[in-house]
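Read through the structure below, which is laid out as structure tokens, and then see the notes.
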Amino acid sequence: MTTLKEVSVPDIGNYTDVEVIEVAVKPGAKVKAEDSLITLETEKASMEVPSPYTGTVKEMKIKVGDKVSQGTLIALIESEVQADQQESTQPAESENASKQAPLVQDELMTIKVPDTGAAKQVEIIEISVKPGDVIQAEDTLITLESEKASMDIPSPHAGKVETVLVKVGDKVNEGDAIVTMTVSAQKEGKVQQESPQASSSALPSQTQVSKTITKPLKDFSQVHAGPATRRLARELGVDLTVVQGTGHRNRVTLKDVQEYVKGVMQNAQSGAFVEKAPEIDFSQFGDIEVKPLSRIKKWTAKNLSRNWLTIPHVTQFEEADVTELEIFRQENQEAAIAQGTKLTPLPFIIMACISALKTYPQFNASLAANGSDIILKQYFHIGVAVDTPNGLMVPVIKHADKKSLYDIAKELGELSALAKEGKIKAEQMQGSSFTISSLGGIGGTAFTPIINAPDLAILGVSKVQIKPQYVHDQFIPRKMLPLSLSYDHRVIDGVEGARFAAHIAAQLQDIRKLLL
Ligand code: CAO
């Protein structure tokens, strides 16, 4: 038998008109007792309101942005538990809840991995407790990470951690033991008293509402980030989907959030304030479709806007006569294919850039954070912009100066394939000292590439064109490669920019110089 149950906002202390920031379930969803229904957020903290019942959500009575107080109706849930059972033994509706019944004496308990959905053999990437720690119910014990996302496992009890039975790197399944802990009768009792639901008639007495963000998301979330990182991001109002993760599997770390905020602050201090564009309802002009930007596009948009606004760009245009180079390239194409790669103009351009970077080291550098030092790099790591289905990515060919033409061609092919397949790792996109953006395979006569900070310059490459050149008193057809060099004018003077671009052109023009 099923019964329709009303779920209301429990006692939430002195708070009223608290904003709903997340609705975790939809009508038709199956929920277990203790599954989060909604998340509320006050100015100081956020709290999840869990379902007191196992059953099916029939109707949600609120939406994100609504303001609620104690007693506001949240949802109608068709409970699968018999009515008489519910009235008399509400706390026993879930196994979880029954485990949390008030204790009469201290008890040593083993905490196990809960239901992880479809994910099996999930890796532990963080352990948040150690033996001796005194923790609250809902404090995170460990963080798991699947191929796609991460999940925090909270403690169902307050108490003292006795032993930690797992370590980082272990692969676990539902039911595996995580820790043993002493759950104190007194402390549990206190939690029960403090628990806003203890006196609530709408929710069973064991139900918990955490007053801090200890359990940010119930399910595997879209962004890889640990509990501390999520808490910091929430406190600072940072949207984690736009922060680039530098950790394992692009996990967003505390440092990433700090760096992101630092960047925003520096932009603000540099006076890069721009009035926000007005919001326009385009549907007034015709049919529209709204689609979310991919995570990479959002991140790129932030970075490019920051670089465009904070770096005074100058773009120097140049043309390289690549007639001889193109003959050489065609002659060696078969040899390249035999070596498992393909020769496009790009590996030659990378080699020409390295020669220019060695001659003009101020281009192979970054401006120090203090704004008054230049950091000259002794390594030559070349970033290459790659167009992928999810947006622009910039893999880096490390120590390109130590590699042969074929090695560069091969690595370029491998890295761009990984980027296009979405398999590239964060560390393969870090550490560039100079970047190339080639649109030559597509077309164009010139463009103004945006500097890939903290690099100081970027070379844009457009399509080779056959143009008349005046040689030995006559016009002859030559293959000309258009180059567009954008540089940071705070560090690099116009003359240096022109010389650097001319050097690249000269190298490309004389294939012997380039390869020797
Ligand atoms: N002029 C004429 N033809 C060119 C050329 C140029 N400058 N550069 C490349 N080509 C040719 C190649 O030789 C190849 O010809 P074939 O098909 O006959 O072999 C063809 O164009 C396609 O080349 P490619 O794009 O596969 O290879 P690539 O080495 O030139 O570039 C990569 C690799 C990964 C950089 C490229 O695929 C890519 O993603 N480019 C887009 C970069 C981008 O989005 N930039 C904008 C960033 S915003 O500033």
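We count residues from 1, following the sequence as given. Whatever order the structure lists them in is the order used to number ligands and atoms, beginning at 1.
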Using a cut-off of 6.0 Å, state whether more than 12 heavy atoms not belonging to Q330 lie near its atom CD. yes

Among all the protein's non-hydrogen atoms, which is closest to atom 33 (C) of ligand 1, and how far away is it? L346 CD2, 4.1 Å

Looking at E334, I want to see if its CD is surrounded by more than 12 non-hydrogen atoms of other residues, nucleotides or ligands under 6.0 Å. no

Given the side-chain rings of Y360 and Y487, with only the six-membered ring counted for Trp, is the space between their centroids under 6.0 Å? no

H313/H489 aromatic ring centres below 6.0 Å: no

Could you tell me the residue and atom name of the protein heavy atom closest to atom 3 (N) of ligand 1, and the distance to it rounded to 0.1 Å? G440 O, 3.5 Å

Should the pair D170-K167 be classified as a salt bridge under the 4.0 Å nitrogen-to-oxygen rule? yes

Numbering as shown, the atoms of ligand 1 that approach S462 to under 4.0 Å (heavy-atom distance): 6 (C), 7 (N)

Could you check whether atom CZ of R490 has more than 12 heavy atoms from other residues, nucleotides or ligands sitting under 6.0 Å from it? yes

Counting only heavy atoms on the protein side, is anything nearer than 4.0 Å to atom 49 (O) of ligand 1? yes

Mind checking whether Q333 contacts ligand 1 via backbone (N, CA, C, O), side chain (CB onward), both or neither, at a 4.0 Å heavy-atom cut-off? neither

What protein heavy atom sits nearest atom 1 (N) of ligand 1, and how far off is it? V464 N, 2.9 Å

Residue-level breakdown please: for Q330 versus ligand 1, do any non-hydrogen atoms fall below 4.0 Å on the side chain, on the backbone, on both, or on neither? neither

Report the part of L481 (side chain from C-beta onward, or backbone N, CA, C, O) that has a heavy atom under 4.0 Å from ligand 1; answer both or neither where that applies. side chain

State whether any protein heavy atom lies less than 4.0 Å from atom 40 (N) of ligand 1. yes

Hey, what do you get for CD (E324) to CD (E326), rounding to the nearest 0.5 Å? 11.0 Å

Please identify which atoms of ligand 1 are closer than 4.0 Å to at least one heavy atom of S438. 40 (N), 41 (C), 42 (C)

Could you pull out, from D387, T388, I451, L412, the option with a heavy atom nearest to atom 44 (O) of ligand 1? D387

Tell me which protein heavy atom sits closest to atom 22 (C) of ligand 1, plus the residue, atom name and distance to 0.1 Å. G441 CA, 4.2 Å

Quick check: are there more than 12 heavy atoms from other residues, nucleotides or ligands sitting under 6.0 Å from CG of N370? yes

Select one of side chain, backbone, both or neither to describe which atoms of L392 lie under 4.0 Å from any atom of ligand 1, heavy atoms only. side chain

Does NZ or CZ of K398 lie under 6.0 Å from the centre of the six-membered ring of Y379, at an angle within 45° of the ring axis? no

Region of P347 engaging ligand 1 - heavy atom pairs below 4.0 Å: neither

Of the protein's non-hydrogen atoms, which lies at the shortest distance from atom 17 (O) of ligand 1, and what is that distance? K342 NZ, 3.9 Å

Which residue holds the protein heavy atom closest to atom 42 (C) of ligand 1, what is that atom called, and what is the gap in Å? A385 O, 3.3 Å

The test is side-chain hydrogen bond (donor to acceptor under 3.5 Å, both in side chains); show your working for N390 and T388 and say whether it passes. CA-CA 5 Å; N390 286 322; T388 81; 5.3 Å; no

If we count only non-hydrogen protein atoms and require a distance under 4.0 Å, does atom 31 (O) of ligand 1 qualify as touching the protein? yes

Report yes or no: does a heavy atom of G413 sit under 4.0 Å from some atom of ligand 1? no

Is it the case that over 12 heavy atoms from other parts of the model lie below 6.0 angstrom from the NZ atom of K302? no

Nearest non-hydrogen protein atom, atom 36 (C) of ligand 1: K420 NZ, 4.3 Å

Using a 6.0 Å cut-off, check whether atom NZ of K255 has over 12 heavy atoms from anything other than its own residue. no

Can you report which non-hydrogen protein atom sits closest to atom 43 (C) of ligand 1, along with the distance? L439 CD2, 3.7 Å

Could you check whether K410 pairs with D407 (Lys NZ or Arg NE/NH1/NH2 to Asp/Glu carboxylate O, under 4.0 Å)? no

Distance below 4.0 Å between atom 15 (O) of ligand 1 and any protein heavy atom? no

